Amino acid sequence: MNIDFLAHPAEEVAPKLLGRVLTCNTPEGTVSIAITETEAYSGEADPASHAYRGRTARNATMFGPAGHLYVYRSHGLHWCANVVTGTDGIASGVLIRAGRVIEGEVLARQRRGERVESARLARGPGNLGQALGITAEHNGADLLTGTSVVLSEGEPVPAALIRVGPRVGVSKAHDWQHRFYLAGDPTVSAYRLSPRAKPTTGA
């Protein structure tokens with residue numbers, strides 16, 4: 001995959017990531033998911049972005065270069081995976097919200113729980129990170145030339161299957177149409193409006 005594919009604003013890259021494959025190689029084994037849901041975060045121009053107030057030690061990876069993995073912990077429990085996009089020095093990233101496990105389902109199930117349905121193994125960003133085995137050690141991983149976490153081509157997704165909507169669970173800029181997902185796919189997470197959300201204007 002060429003870096004030029006990712007060197008664009010997050011909201012342009014996010015729908016193009018649908019159908020691509022994200023693979024994590026760990027000592028325990030390999031798990032791959034086909035991406036079915038994404039959310040774009042536009043850095044310092046986006047009130048819901050981790051980079052809204054500028055660069056910090058936590059969000060530095062988000063400022064580029066494109067093609068790396070930005071990992072953060074959600075609610076102190078789950079590691080979430082983001083693909084860094086855009087121009088080096090300007091924060092931009094796409095949260096991988098959900099996917100379909102296409103390799104390593106046995107390992108993913110060990111991590112998520114034996115009774116978890118196949119469609120739910122990587123549904124939601126925290127579950128996806130857990131199924132893949134993503135941890136803080138993967139922050140900054142090169143997705144295009146590295147070996148620990150790899151982004152690769154997948155099955156083409158027909159444009160007619162792509163849906164657009166507001167982002168899930170964020171309280172700021174929640175109504176920006178920056179969520180992209182595959183219509184009717186059982187692995188896609190349910191929409192949830194944050195109880196703290198207020199109407200906004202913007203992208």
Side-chain angles (χ1 to χ4, degrees), residues 5-22 33-52 58-59 61-64 66-75 77-86 90-100 120-132 134 138-139 143 149 151 154 157 159 161-203:
F5 166 74
L6 299 172
H8 299 278
E11 62 270 24
E12 294 180 18
V13 177
K16 297 177 182 178
L17 285 173
L18 297 174
R20 309 277 175 162
V21 175
L22 190 64
I33 62 103
I35 299 170
T36 59
E37 181 184 7
T38 61
E39 280 181 347
Y41 289 87
S42 306
E44 294 175 273
D46 184 347
S49 171
H50 288 176
Y52 183 56
R58 181 196 188 200
N59 66 26
T61 302
M62 197 175 178
F63 284 79
H68 287 72
L69 190 72
Y70 167 50
V71 177
Y72 69 88
R73 198 158 202 174
S74 176
H75 304 297
L77 298 172
H78 307 293
W79 296 107
C80 300
N82 302 257
V83 176
V84 178
T85 66
I90 300 177
S92 178
V94 177
L95 172 65
I96 309 303
R97 279 203 58 86
R100 181 177 66 258
R120 299 179 64 88
L121 287 173
R123 180 193 291 173
N127 294 334
L128 182 143
Q130 185 178 13
L132 284 171
I134 296 292
H138 295 111
N139 186 46
L143 295 170
V149 188
L151 181 66
V157 171
L161 291 181
I162 299 177
R163 298 291 183 269
V164 184
R167 295 180 291 199
V168 178
V170 296
S171 59
K172 297 179 181 178
H174 68 90
D175 49 0
W176 288 19
Q177 302 295 295
H178 282 190
R179 175 181 176 234
F180 304 87
Y181 59 97
L182 299 183
D185 194 298
T187 67
V188 172
S189 57
Y191 176 72
R192 176 176 58 83
L193 177 66
S194 169
R196 297 176 293 135
K198 297 180 180 179
T200 60
T201 59

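Counting begins at 1 with the first residue of the sequence. Scope of the values below: all heavy atoms of this structure, side chains included, with no hydrogens, waters or symmetry mates. All of these numbers come straight from a predicted model, not from anything done at the bench.
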Seminar exercise, completed: Minimal heavy-atom distance between Met62 and Tyr70, with the atoms involved, is SD-CE2, 4.1 Å
Exercise. Less than 4.5 Å apart, any side-chain heavy atom of Leu128 and any of Ile96?
Worked result: yes
Exercise. When you look at Glu44 and Ser49, which way does the side chain to side chain donor-acceptor pair (under 3.5 Å) test go after all the steps?
Worked result: CA-CA 7 Å; Glu44 294 175 273; Ser49 171; over 6 Å; no
Exercise. Mind checking whether Leu6 and Val84 have side chains closer than 4.5 Å, heavy atoms only?
Worked result: no
Exercise. What's the verdict on side chain to side chain contact (heavy atoms under 4.5 Å, CB included) for Val94 and Tyr41, showing C-alpha distance, side-chain angles and the deciding distance?
Worked result: CA-CA 6 Å; Val94 177; Tyr41 289 87; over 6 Å; no
Problem set entry | Phe5 atom CZ, over 12 foreign heavy atoms within 6.0 Å | yes
Exercise. Can we call the ring centroids of His50 and Tyr72 under 6.0 Å apart?
Worked result: yes
Seminar exercise, completed: Of all heavy-atom pairs linking Ala122 and Ile33, the shortest is CB-CG2, 4.2 Å
Exercise. If we ignore angles and hydrogens, is there a donor and acceptor under 3.5 Å between the side chains of Asn139 and Thr61?
Worked result: yes
For this session: Find the distance between CD (Gln177) and CZ (Arg179) and round it off to the nearest 0.5 Å.
Result: 10.5 Å
Problem set entry | Enclosure of Arg123 CZ (heavy-atom neighbours >12, cutoff 6.0 Å) | yes
Validation: residues 12-22 side-chain donor-acceptor distances under 3.5 Å, sequence neighbours left out:
residue	atom	partner	partner atom	Å
Arg20	NE	Lys16	O	3.1
Arg20	NH1	Glu153	OE1	2.5
Arg20	NH1	Glu153	OE2	2.9

Seminar exercise, completed: Closest heavy-atom pair, Tyr191 versus Arg167, reported as atoms and distance to 0.1 Å, is CE1-O, 3.4 Å
Problem set entry | Distance (rounded to the nearest 0.5 Å) between Ile134 CD1 and Leu69 CG | 5.5 Å
Exercise. How far apart are the closest heavy atoms of Pro125 and Leu95, and which atoms are they?
Worked result: CB-CD1, 3.9 Å
Exercise. Which pair of non-hydrogen atoms, one from Ala10 and one from Gly93, has the smallest distance, and what is that distance?
Worked result: CB-O, 3.4 Å
For this session: To the nearest 0.5 angstrom, please state how far the CD1 atom of Ile90 sits from the OG atom of Ser42.
Result: 11.5 Å
Seminar exercise, completed: Interatomic distance, CD1@Ile35 vs CG@Leu182, rounded to 0.5 Å, equals 10.0 Å
For this session: Test Ser92 against every option in Thr85, Asn82, Asp46 by the side chain to side chain donor-acceptor pair (under 3.5 Å) rule and name the one that passes.
Result: Thr85
For this session: Check the side chains of Arg97 and Ser189 for a donor-acceptor pair under 3.5 angstrom, ignoring hydrogens and angles.
Result: yes
Exercise. Hey, what do you get for OG1 (Thr187) to CZ (Arg120), rounding to the nearest 0.5 Å?
Worked result: 11.5 Å
Exercise. Within the side chain of Glu39, is there an N or O that forms a donor-acceptor pair under 3.5 Å with the backbone of Val168?
Worked result: yes
Problem set entry | Spatial distance of atom CD1 (Ile162) from atom OG1 (Thr38) [nearest 0.5 Å] | 8.5 Å
Seminar exercise, completed: For Ala45 and Trp176, the nearest pair of non-hydrogen atoms, with its separation, is O-CH2, 3.4 Å
